[in-house]
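Notes for the one structure printed next.
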Amino acid sequence: MRLFSLFLVAFICLSCGTDNGGSNYQEPIEPEDPADDNPVIIPSLTDEELLDLTQQKTFKYFWDFAEFNSGGARERYHPNDPSNSQNVVTTGGSGFGLMAILVGIERGYVSRTVAITRLSKILDFFEGADRFHGAWPHWIDGASGNVIPFSDQDNGGDLVETALFAQGLICVKEYFKNGTTDEAALATQADELWKGVEWNWYTQNQDALYWHWSPDNGFSINLELKGYNETLIAFILGAASPDFPIPAEVYHQGWANNGNIVSTESQYGIPLILDHAGSGTGPLFWAHYSFLGLNPTNLSDQYANYWDLNVNHTNINYQHCVSNPYNYADYGENCWGLTASYSRNSDGSTGYSAHSPENDLGVISPTAAISSIPYTPEKSLAAMHYFYSKEDILFGTAGFYDAFSPQYNDWVTEQYLAIDQGPEIIMIENYRSGLFWNLFMQNEDIQNGLDALGFTY
C-alpha cells in the first residue's frame, strides 16, 4: 500500500535502553505440555496496579523525554542512544503528547500549574513552526521550527499528522476552557491553532482529501485519503472546521468511495464491516488513532457502526494470533497484537513494518493489544500481564518497548516511538474514565461536523 511506503522510506533513512523494571518480576509457570505455546501467566500485579504502572511509565515518554526546545514529542527515543533524532518533533505524536499530559494532571504525575507551563511551551512552538495552508509537516526541527522532510517530495503539510495534532488541541481546549485566566488563554490558543488548518485547500477542489502539499512539489505525491484506515479523523475535523470546511461529499465520495467502502467479507467468522483500504485486515493502529478523542461507543453513519467495526477488527487480529497459522512461538490468548511498529529484520537488526494478519513477521507490538483495551478489556489485560511477565527485557524507562518476538529467542527492540506509546496511555484512560472521549465529543464544532456528515453519536 502507498500509505505504508511513506512510513517505510523515512524509517529506513532515520531509524537505525534497557531499564530493569524493579522487584515485581515473576517467572511465568512453565506449561505441563512442552508443546503448549500458550503458557499460563500468573500476574505479579493486579489489573489496576498494572494499568497504573503502564500509564505512569508511558507518561515519561512525553514528559521526561520530550524534545528539549519545544516540549513536543520526539519521533523516537532510544534509551541506549538518546541523541538519535533528538530534535525531530513528530506532529501527530505531539498531539498524543498533549493528551498524555492531561492524563498526567488527572493521575497526579504532574501538577496542573507545571503542566500548563509545558503545554503553553508546546503550543507556542507549534504556533511559530512551519505551516502549509495551515497544516503542519510530519516532522519539525525542535530547535528551529522548520520542516524536516519526511521523504524526497514530502517537505510540506501533512494533513493526517495535522489531524492527529488537532485532536489533541481540541481536548486541551475543552479541558481548560472554564478554568483560570491562564487556562482559558491556553484553551483559546489551542482552539485558534486547529481552526487555522485550511482543510478545504487539501481537496484540490475535488470530492476528496489529499494527504500532502508542498510549496516545492505541490500535490505531486497525490495520495488520497480513501478507505478505512487511520484517516477518518481528518474528515471529521474538516467537516467541523468553521472557517475552512470541506463539503460532505468529500467524505461520502472520497473516504467512503461512494458507498463502496462497505464490505461483506469476514475473517474467522467475524465481519470486517468496512473495506480496510484493500489490505484484508489492516494493522490495529487503525482502530486507535482516529478514536483517541472520537468516541466510537455509539458512533454510526450510513456505512458502519464504529464500535462494532473496531471490536471486530481487534478480535480478528486476536483470533489470527490464537490460530497462529505460522506456528510462531508463544502466540496465543496471552501473546497477541499486530500493528505498525519497529520490527525485526531477517539479520536480527531493527527495521520497521506495518504488521497485520496479512503481514505477520512473528513480531508482537505491545501497543496493539494495550491500546485496544476499550474494545477487548479481558484479552488486552491478559496480554499486558504476559508482557509484564517479561519485564526484565520488555519493560523499560518509558514503559513497554516497541516490539519483541518470542519466535526469535525473545528478541526485543529497546526503543520507543511516539505514535505507539501515545495510544497506550490515552486508550487506557478512555477505558478507565472516558476522559478524552468526553472532552472531544462535547466540542460544539465536532458535533457540527458529525452532524454535517450524517453521523449519530
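Treat the numbers as computed from the prediction; the structure is a model and nothing was measured. This chain uses plain numbering: 1 for the first residue, then up along the sequence.
- Under the 3.5 Å distance criterion, with hydrogens and angles disregarded, no donor-acceptor pair is assigned to the side chains of T413 and D402.
- The one candidate from Y251, F235, Y303 that meets the ring pair (Phe, Tyr, Trp, His ring centres under 6.0 Å) condition with F455 is Y251.
- Across every non-hydrogen atom of P374 and M427, the tightest pair is CG-O, 3.6 Å.
- A donor-acceptor contact shorter than 3.5 Å links the side chain of Q407 to the backbone of A329.
- Checking side-chain atoms of W411 against main-chain N and O of R344 turns up no donor-acceptor pair under 3.5 Å.
- Within the 3.5 Å criterion, the main-chain N or O of T367 finds no donor-acceptor partner in the side chain of S365.
- Residues passing the salt bridge (charged side-chain N to carboxylate O under 4.0 Å, His left out) test with K379, sequence neighbours excluded: none.
- Listed by first then second residue, pairs satisfying ring-ring contact (aromatic ring centres under 6.0 Å, His included) with a partner in residues 353-380 read W307-Y375, not counting sequence neighbours.
- Using the six-membered ring where Trp is involved, Y388 and F395 have ring planes that are perpendicular, over 60° apart on the 30 and 60° scheme.
- Here salt bridge (charged side-chain N to carboxylate O under 4.0 Å, His left out) pairs that include residues 98-112, with residues two or more places apart or in two chains, are R107-E429, R112-E183.
- No hydrogens or angles considered: nothing links the side chains of T58 and T54 as a donor-acceptor pair under 3.5 Å.
- Ring geometry, W63 versus F59: the interplanar angle falls under 30°, so the pair is classed parallel (tilted spans 30 to 60°).
- Around the NZ atom of K226, the shell of radius 6.0 Å holds more than 12 heavy atoms that belong to other residues, nucleotides or ligands.
- Residues meeting the salt bridge (charged side-chain N to carboxylate O under 4.0 Å, His left out) test with E48, sequence neighbours left out: R432.
- Among residues at least two apart or in separate chains, there is no salt bridge (charged side-chain N to carboxylate O under 4.0 Å, His left out) pair with a member in residues 301-310.
- Heavy atoms only, all atoms of each residue included: S300 and Y306 are closest at CA-CD1, 4.1 Å.
- Here OH of Y352 is found 10.0 Å from OG of S343. Values are rounded to the nearest 0.5 Å.
- Remark: of the listed residues E265, H276, Q267, Q267 is the sole one forming a side chain to side chain donor-acceptor pair (under 3.5 Å) with T281.
- By the 4.5 Å heavy-atom criterion applied to side chains, T314 and W336 are counted as neighbours.
- With sequence neighbours left out, the ring-ring contact (aromatic ring centres under 6.0 Å, His included) criterion links F65 to Y77.
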